[in-house]
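Comments concern the structure below.
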Amino acid sequence: MSALNDSQVRGSIAKVNFMLLGVTFYGVAAYFLWPSSKEWWMWAYLSIVCALAAVILLWRALRMIWLIYRRDKVFEAYRQKGGEQKASRMASDEALKNAGMIDG
């Protein structure tokens with residue numbers, strides 16, 4: 001992925017945000033599904049599955065945040081090596097003819 005492509009950066013950020021939304025959803029579901037008495041013990045399995053899903057999604061989101069950070073750090077180093085952009089004048093027909101790029 002190129003850090004210079006805004007749509008890809010926005011896509012990565014959106015993925016992280018949706019993962020964190022999923023973490024919140026699964027975490028809240030795990031909390032509310034935990035049984036309050038022993039007669040509802042079967043809900044504990046679903047609660048544990050939701051908690052595991054929240055942990056896995058959190059791990060993946062944090063990993064993606066780290067990868068985005070590392071990628072942006074590398075591209076920033078390349079930008080600093082490159083220096084400032086410079087404006088140049090447009091090549092005239094005469095300059096192109098003198099350089100042998102066009103016939104005339």
Looking at every non-hydrogen atom in both residues, tell me the closest pair between [X] and [Y] and how far apart they are.
| X | Y | value |
| --- | --- | --- |
| W43 | L33 | CB-O, 3.3 Å |
| V23 | A54 | CG2-O, 3.6 Å |
| P35 | W40 | CB-O, 3.2 Å |
| A44 | W34 | CB-CZ3, 3.9 Å |

Shared ILVMFWY cluster between [X] and [Y], side chains joined below 4.5 angstrom?
| X | Y | answer |
| --- | --- | --- |
| Y26 | Y31 | no |
| F25 | M19 | yes |
| F18 | M64 | no |

When the ring planes of Y45 and W41 are compared, do they come out parallel, tilted or perpendicular, using 30° and 60° as the limits?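 Y45 and W41: perpendicular rings.
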Can you name the residues that form a side-chain contact (heavy atoms from CB on, under 4.5 Å) with A51, not counting sequence neighbours?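 Only A30 meet the side-chain contact (heavy atoms from CB on, under 4.5 Å) criterion with A51.
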Measuring from atom CG of L96 to atom CG of D103, what distance do you get when rounded to the nearest 0.5 angstrom?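 These two atoms lie 11.5 Å from each other.
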If we check side-chain contact (heavy atoms from CB on, under 4.5 Å) with S12, which of these qualifies: I68, N17, I65, L67?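 Filter result, single survivor: I68.
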Ion pair check, R79 and E76, cut-off under 4.0 Å: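 Yes.
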